[in-house]
Amino acid sequence: YYNPYRFIIKRLFRLWPALICFLVLSALANSLILFTNISDWGKQNLAIAWPDFIKQGLAVLFGYFINLSTKTSYSNGAMWSLSVEDQFYYSLTLLCFVVSILYGGLLSRKVKLNVGSTISYCAFIMYTTCALFRINLLFNPSDINNYFFVIKYLITWQFDFIPLGVMLFYFSNSNNKCNKILSNHDNSIMFLTPILILIPLIMASLSNNLFVPIQSRNILVGIVFPIIGILFMLLVYICSYNKAFPFKGSLIYRFFTYL
């Protein structure tokens, strides 16, 4: 079951307290740079005027930071990923409303489980479509300028990996057969876990060739990113059933937990 109202409210209130604290610290950093005896270069590159800072703060809170055309504050620069997250939450909630109407459900009630399967199919179509466009960039990198706006927007801001989480959630809650297989192969899964971590690291390292950065970027965006996304999804699936590291309570387990 899925309640759209509860979903979006929980997500926003999970993010906002931390974001407000961050923006307060970011504002303090901006003040120190503007009002201390720092070089003009530092003020121009590390701080922004307060009207622009307020615009950015609102954009960070409400999820449209990546759509701003103004200069980005140095301290707020990493917040682009939260805009991707927020816009995904808004889109998923809207999609759930639409699908529930098509199934004849009332918006004030919990959406039935078959709506979850429809949303999962939509996520699969979105990820597969973007993956095909990504692979095309491997051979024709300039084609991204000719992509549909939506496809270009999704790929540029890495939206296309979020549907993997939607598919994983539905799959892990509806596929008892795979869950049973997972529970019967603890030792095999334990050895699979580090492989799922190492392969993305190796692939990302090999695709970042300092001598041919443009070609390396095409390989990274075109084929390495989709593979890393799938491997990470498998890793999350294993971890969600506590099978990634079965020796709970051991010294090495406590070490990695601390680390």
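What you see is a predicted model; the values in this text were computed from it and never measured. By convention here, the first residue in the shown sequence is residue 1.
Counting non-hydrogen atoms of other residues, nucleotides and ligands closer than 6.0 Å to CZ of F232 gives a total of 12 or fewer. Counting heavy atoms of neighbouring residues, nucleotides and ligands inside a 6.0 Å radius, atom CZ of F169 does not exceed 12 of them. Within a 6.0 Å radius of OH in Y64, other residues, nucleotides and ligands contribute more than 12 heavy atoms.
Residues I20 and L61 form a side-chain contact, since some pair of their non-hydrogen atoms from C-beta on lies under 4.5 Å apart. Put simply, the side chain of I151 reaches to within 4.5 Å of the side chain of F148, judged on heavy atoms. Side-chain atoms of L15 and E85, non-hydrogen and from C-beta on, do get closer than 4.5 Å to each other. Counting heavy atoms from C-beta outward, L34 and W50 have side chains that approach closer than 4.5 Å.
When all heavy atoms of I219 and L138 are compared, the pair lying nearest together is CA-CD1, 3.5 Å. Residues P163 and Y127 approach most closely at CB-CB, 4.3 Å, considering heavy atoms. What you find for I195 and P200 is that their closest heavy atoms are O-CD, 4.3 Å. Closest approach of I155 to C130, counting heavy atoms only: CD1-O, 4.0 Å. Considering all non-hydrogen atoms of both residues, G57 and L23 come closest at O-CD1, 3.7 Å.
Between Y89 and F7, the ring centre distance stays below 6.0 Å. Aromatic pair F62/W16: ring centres closer than 6.0 Å.
In this structure, CD1 on I227 lies 3.5 Å from CE on M203, to the nearest 0.5 angstrom. Here the CG-CD1 distance, from L235 to I230, works out to 14.0 Å after rounding to the nearest 0.5 Å. A distance of 10.5 Å separates CD1 of I144 from CZ of F133, quoted to the nearest 0.5 Å.
The pair R11-D86 does not count as a salt bridge, with every side-chain nitrogen at least 4.0 angstrom from each carboxylate oxygen.
Not one N or O on the side chain of N30 forms a donor-acceptor pair closer than 3.5 Å with the backbone of F53. Using modelled atom types, one side-chain atom of S205 and one backbone atom of L201 make a donor-acceptor pair closer than 3.5 Å.
A donor-acceptor contact closer than 3.5 angstrom links the side chains of N136 and Y147. No hydrogens or angles considered: a donor-acceptor pair under 3.5 Å links the side chains of Q87 and Y153.
At a threshold of 4.5 Å between side-chain heavy atoms, the hydrophobic network of Ile, Leu, Val, Met, Phe, Trp and Tyr places Y90 and L58 in one connected group.
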